[in-house]
Amino acid sequence: MKYKLLIVDDDEDIIKMLKDYFGLLDYLVYTASTGKEAINQLTVNPDLILLDINMPEMDGIEVCKKIRSHINVPIVFLTAKIEEQDKINGLMAGGDDYIIKPFSMGELNARIMAHLRREERGRDKTRVYLVGNLAIDYDNRIVSIGEENITFTKTEFAIIELLSSNKGRIFDKDTIYENLWGFDKDGDSSIITEHIRRIRSKFADKTDKNVIETVWGVGYKWVI
């Protein structure tokens with residue numbers, strides 16, 4: 001299994017260096033240069049995050065807090081210098097480790113592997129879908145917009161999970177029905193239309209963004 005590594009730093013040279021190095025070590029490497037990009041990249045479900053502290057607009061401490069509200073993975077801070085209070089603040093925000101720039105690539109990889117081995121021994125990673133202020137926690141079956149949860153029935157959530165985890169793919173009503181209840185289930189796939197209508201209505205109460213698009217004559221696809 002290839003580990004997924006998310007690197008967050010506003011320095012393009014550091015991003016390139018780390019991406020090239022860990023790519024050669026067979027990691028799947030994802031990058032972000034801002035806090036906002038980092039939050040959006042959580043949809044790849046990284047196994048570990050390397051996070052620069054000193055970034056414009058949203059610093060690493062604030063990014064760490066936002067990440068921790070959605071997903072539980074090791075976070076290693078990258079920093080050029082650090083005071084004792086900064087270290088305390090980072091750990092309180094949910095960080096797991098620090099490494100000071102400039103650093104040895106060998107030491108950084110050793111620390112990463114130590115965290116990954118620790119996680120392998122007992123981590124139950126939550127699968128999430130994050131776009132903007134929309135969060136879908138697949139394992140706990142929770143959908144939220146900002147701080148507000150939206151209540152869906154079991155069937156409605158199953159449709160949301162199917163479509164959102166296959167963003168952009170078009171599903172016709174029969175395929176959705178079969179995914180939910182199987183080929184042998186007696187029933188009418190037209191009921192999917194009503195479930196989609198209810199899902200849209202519940203989202204519309206919380207956001208003006210369209211989440212499910214109708215492809216006329218074909219089916220439905222997740223677009224956010």
Side-chain angles (χ1 to χ4, degrees), residues 4 6 8 30 32 34-49 51 57-75 89-96 119 122-171 173 175-181 189 191-215 219-224:
K4 297 177 183 178
L6 174 58
V8 186
Y30 303 86
T34 67
K36 184 177 180 180
E37 288 180 12
I39 300 301
N40 290 336
Q41 282 283 44
L42 295 183
T43 57
V44 304
N45 290 306
D47 295 294
L48 184 140
I49 298 171
L51 178 59
E57 297 182 16
M58 188 189 304
D59 66 21
I61 301 295
E62 186 62 28
V63 175
C64 182
K65 291 177 182 178
K66 291 182 178 295
I67 289 172
R68 278 288 173 256
S69 70
H70 294 296
I71 193 170
N72 183 29
V73 298
I75 297 175
N89 292 341
L91 294 174
M92 292 294 291
D96 297 283
E119 292 297 296
R123 175 164 60 87
D124 182 17
K125 185 169 64 177
T126 300
R127 297 179 303 121
V128 296
Y129 183 93
L130 294 169
V131 175
N133 64 349
L134 167 66
I136 304 173
D137 181 337
Y138 295 121
D139 294 332
N140 294 308
R141 306 179 70 82
I142 297 172
V143 180
S144 59
I145 298 288
E147 300 297 322
E148 294 188 70
N149 290 347
I150 308 176
T151 302
F152 292 99
T153 67
K154 181 179 179 180
T155 297
E156 289 166 354
F157 186 87
I159 293 172
I160 291 170
E161 181 172 9
L162 174 66
L163 296 181
S164 64
S165 59
N166 293 276
K167 180 181 177 180
R169 177 180 169 185
I170 302 171
F171 289 85
K173 289 185 292 185
T175 301
I176 296 173
Y177 189 89
E178 290 163 3
N179 270 274
L180 267 59
W181 294 294
S189 63
I191 195 174
I192 297 300
T193 302
E194 177 61 18
H195 284 304
I196 296 288
R197 186 194 67 78
R198 293 181 183 179
I199 291 168
R200 284 172 168 162
S201 177
K202 291 179 181 181
F203 272 113
D205 289 339
K206 304 296 182 182
T207 178
D208 58 359
K209 294 181 179 179
N210 182 34
V211 295
I212 300 174
E213 180 180 298
T214 298
V215 182
Y220 304 98
K221 67 177 180 179
W222 190 267
V223 292
I224 191 172

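Here the structure is a predicted model, which means the values were calculated and not measured.
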Salt-bridge present (Glu156, Lys202; N to O < 4.0 Å) = yes
Given Val128 and Asn45, is the side chain to side chain contact (heavy atoms under 4.5 Å, CB included) satisfied, shown in steps?
-> CA-CA 7 Å; Val128 296; Asn45 290 306; 3.9 Å; yes
Would Ile145 and Asn133 count as a side chain to side chain contact (heavy atoms under 4.5 Å, CB included) if you check the C-alpha gap in whole Å, the side-chain angles of each, and the deciding distance to 0.1 Å?
-> CA-CA 5 Å; Ile145 298 288; Asn133 64 349; 3.5 Å; yes
Quick one: does Ile39's side chain get under 4.5 Å of Ile67's, heavy atoms only?
-> yes
For side chain to side chain contact (heavy atoms under 4.5 Å, CB included), just list the numbers for Asn149 and Val143, CA-CA rounded to whole Å, side-chain angles, deciding distance to a tenth of an Å, and then say yes or no.
-> CA-CA 6 Å; Asn149 290 347; Val143 180; over 6 Å; no
Closest heavy-atom contact between Ala32 and Gln41?
-> CB-CG, 4.5 Å
Pairwise distance CD1(Ile75) to CG(Asn72) - rounded to 0.5 angstrom = 8.5 Å
Glu148 atom CD, neighbour heavy-atom count above 12 within 6.0 Å | no
Taking atom CZ of Phe171 and atom CG of Asn179, what is their separation to the nearest 0.5 Å?
-> 6.0 Å
Residues forming a ring pair (Phe, Tyr, Trp, His ring centres under 6.0 Å) with Tyr30, sequence neighbours excluded | none
Of all heavy-atom pairs between Pro46 and Val73, which one has the smallest distance, and what is that distance?
-> O-CG1, 3.1 Å
Distance, nearest 0.5 Å, that separates OG1 of Thr43 from NE2 of His70 | 12.0 Å
Among all residues two or more places apart in sequence or in another chain, which pass the salt bridge (charged side-chain N to carboxylate O under 4.0 Å, His left out) test with Glu37?
-> none
Give, for atom CZ of Arg198 and atom OG1 of Thr153, the distance between the pair rounded to the nearest 0.5 Å.
-> 7.5 Å
Which atom names give the shortest non-hydrogen contact between Arg197 and Glu194, and what distance separates them?
-> NH2-OE2, 2.7 Å
CD of Glu57: more than 12 outside heavy atoms within 6.0 angstrom?
-> no
Check: Lys4 side chain, Val44 main-chain N or O, donor-acceptor pair, under 3.5 Å = yes
Looking at side-chain heavy atoms only, is the closest gap between Leu163 and Ile212 below 4.5 Å?
-> yes
Close side-chain approach of Arg200 to Ile196, heavy-atom, < 4.5 Å = yes
With sequence neighbours left out, what residues match Glu213 under side chain to side chain donor-acceptor pair (under 3.5 Å)?
-> none
Taking atom CZ of Phe157 and atom CD1 of Ile142, what is their separation to the nearest 0.5 Å?
-> 8.5 Å
Going through the distances and angles, do Arg169 and Thr175 end up as a side chain to side chain donor-acceptor pair (under 3.5 Å)?
-> CA-CA 12 Å; Arg169 177 180 169 185; Thr175 301; over 6 Å; no
Scanning both residues in full, the closest heavy-atom pair of Cys64 with Ala93 reads SG-O, 3.5 Å
Full working for side chain to side chain contact (heavy atoms under 4.5 Å, CB included) between Leu42 and Leu6 = CA-CA 8 Å; Leu42 295 183; Leu6 174 58; 4.2 Å; yes
Between Asp96 and Pro74, the two heavy atoms sitting closest are OD2-CA, 3.1 Å
Which distance, rounded to the nearest 0.5 Å, do you find between the OH of Tyr220 and the CD1 of Ile176?
-> 7.0 Å
Specify whether Phe152 and Phe203 have parallel, tilted or perpendicular ring planes, treating 30° as the upper limit for parallel and 60° as the lower limit for perpendicular.
-> tilted
Shortest non-hydrogen contact from Tyr129 toward Ser164 | CE1-O, 3.4 Å
How about Ile160 and Trp222: do any of their side-chain heavy atoms sit closer than 4.5 Å?
-> yes
